[in-house]
Amino acid sequence: MARIRTEYTTHFGPIMSPFNAWLFLRGIKTLALRMARHSDNALKIARWLEGHPAVKHVYYPGLSSHPGHAIAGRQMARFGGMLAFEVVGGLPAGRHFMDALSLCTIAVSLGDCETLVQHPASMTHSTYSVKERQQAGINEGLIRMSVGIEDPDDLIADLERSLAAI
C-alpha cells in the first residue's frame, strides 16, 4: 500500500486540483440517475439486438440467454451499460456497420453520457493476427458498445440503419 501511495503522489500529486474536485462533486449529484438510464438503455438495446437477424450473438448479463445471468441477477440491481454483439458477416460486416453509424460515436472508451461504439477487429486489436484475435475471443464481427443516456429508440434506429447497411 505504501508503494502505491508513493507512486500515485509522485505522478499525480497528493490532492486533486480544486477544479477537478468541483467537477467531481458536480457530477456525483446525478451519478445514480445516469447509471440507471445507462443500464436501462443497454438492456432495451440488448433485447432488441437479440432478435435481429443480422446479429449472431449478444453478450449482456441482463439477458436470460447469457450464461452468467443468474449470478448477475443476484449481484446487481441493474446490469450495466456495457454490451457486445457479433454481426453476421465477420470483418467486412463489422466495418460496414461502423461506417453507417450516425448517432453513436465511434470511440474506444468505457463510456460517457453519449453512446460509444467500437469494432475491435478493425480498431483496438487490428494489429493482432486473426489467430491471435480468435485466441483472445475477439471474433471478426464483434462490436462493443458503451450505451449512453440518449433516447433508446433513437439509438435503436441508428443501430437498425447500420445493421441494414451490412
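- By the 4.5 Å heavy-atom criterion applied to side chains, I106 and M123 are counted as neighbours.
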Query - Worked check of side-chain contact (heavy atoms from CB on, under 4.5 Å) between Q118 and I143 - result: CA-CA 6 Å; Q118 71 135 326; I143 305 293; over 6 Å; no
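- Residues L43 and G62 come closest through the heavy atom pair CD1-O, 3.7 Å.
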Query raised in the report: Are H69 and F79 close enough, and set up right, to give a ring-ring contact (aromatic ring centres under 6.0 Å, His included), and what steps lead you there?
Result: CA-CA 9 Å; H69 178 72; F79 299 98; 5.5 Å; yes
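- Using a 4.5 Å heavy-atom cutoff, the side chains of L83 and Y59 are not in contact.
- Heavy atoms only, all atoms of each residue included: Y60 and S39 are closest at OH-O, 3.5 Å.
- Transitive grouping of hydrophobic side chains (ILVMFWY, heavy atoms separated by less than 4.5 Å) keeps I138 and V58 in distinct clusters.
- Here D40 does not pair with R37 in a salt bridge; the nearest charged N to carboxylate O distance is not below 4.0 Å.
- More than 12 heavy atoms of other residues, nucleotides or ligands shown are found within 6.0 angstrom of CG on L25.
- When side chains are defined from C-beta on, V117 does not count as touching R144, because their heavy atoms never get closer than 4.5 Å.
- The cluster map of Ile, Leu, Val, Met, Phe, Trp and Tyr, joined by side-chain heavy atoms under 4.5 Å apart, puts I149 and L31 in different clusters.
- Inter-residue side-chain proximity for K44 and I156 is flagged as met; some heavy-atom pair is nearer than 4.5 Å.
- Between the D158 side chain and the L101 main chain, no donor and acceptor come within less than 3.5 Å of each other.
- The two residues G80 and A42 come nearest to each other via the heavy atoms O-CB, 3.4 Å.
- By the 4.5 Å heavy-atom criterion applied to side chains, L23 and R26 are counted as neighbours.
- Within a 6.0 Å sphere centred on CZ of R47, other residues, nucleotides and ligands contribute 12 heavy atoms or fewer.
- By the criterion of side-chain heavy atoms lying less than 4.5 angstrom apart, applied directly or through intervening Ile, Leu, Val, Met, Phe, Trp or Tyr residues, M98 is grouped together with L163 in one hydrophobic cluster.
- Atom CG of L155 sits about 13.5 Å away from atom CD of E160, to the nearest 0.5 Å.
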**Report entry** Verdict with supporting geometry, F24 and F19, ring-ring contact (aromatic ring centres under 6.0 Å, His included)
**Finding:** CA-CA 9 Å; F24 177 81; F19 181 67; over 10 Å; no
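- Between the side chain of E114 and the backbone N or O of C104 there is no donor-acceptor pair closer than 3.5 Å.
- A distance of 6.5 Å separates CG of L91 from OG of S122, quoted to the nearest 0.5 Å.
- G148 approaches T115 most closely through the heavy-atom pair N-OG1, 2.8 Å.
- The minimum heavy-atom distance linking P92 with G89 is given by the pair CD-O, 3.4 Å.
- A donor-acceptor distance shorter than 3.5 angstrom exists from the side chain of D151 to the backbone of D153, with no hydrogens or angles considered.
- Side chain of R133 to main chain of Y128: a donor-acceptor pair is present (N/O by atom type, distance under 3.5 Å, no hydrogens or angles).
- Cluster annotation: L49 and I166 are assigned to the same hydrophobic cluster (Ile/Leu/Val/Met/Phe/Trp/Tyr, side-chain heavy-atom contacts under 4.5 Å, transitive).
- A distance-only check finds no donor-acceptor pair linking the side chain of T30 to the backbone of L33 [under 3.5 Å].
- Using a 4.5 Å heavy-atom cutoff, the side chains of R95 and H119 are in contact.
- Formation of a donor-acceptor pair under 3.5 Å by the N139 side chain with backbone atoms of Q134 is not found in this model.
- Side-chain N or O atoms of H38 include one that pairs as donor or acceptor with a backbone N or O of V147 at under 3.5 Å.
- Residues E50 and F85 form no side-chain contact, since every pair of their non-hydrogen atoms from C-beta on lies 4.5 Å or further apart.
- The closest donor-acceptor contact from the side chain of Q75 to the backbone of A72 lies at 3.5 Å or more, if one exists at all.
- Under a hydrophobic clustering in which Ile, Leu, Val, Met, Phe, Trp and Tyr are joined whenever their side-chain heavy atoms come within less than 4.5 Å, directly or via other members, V55 and I45 fall into the same cluster.
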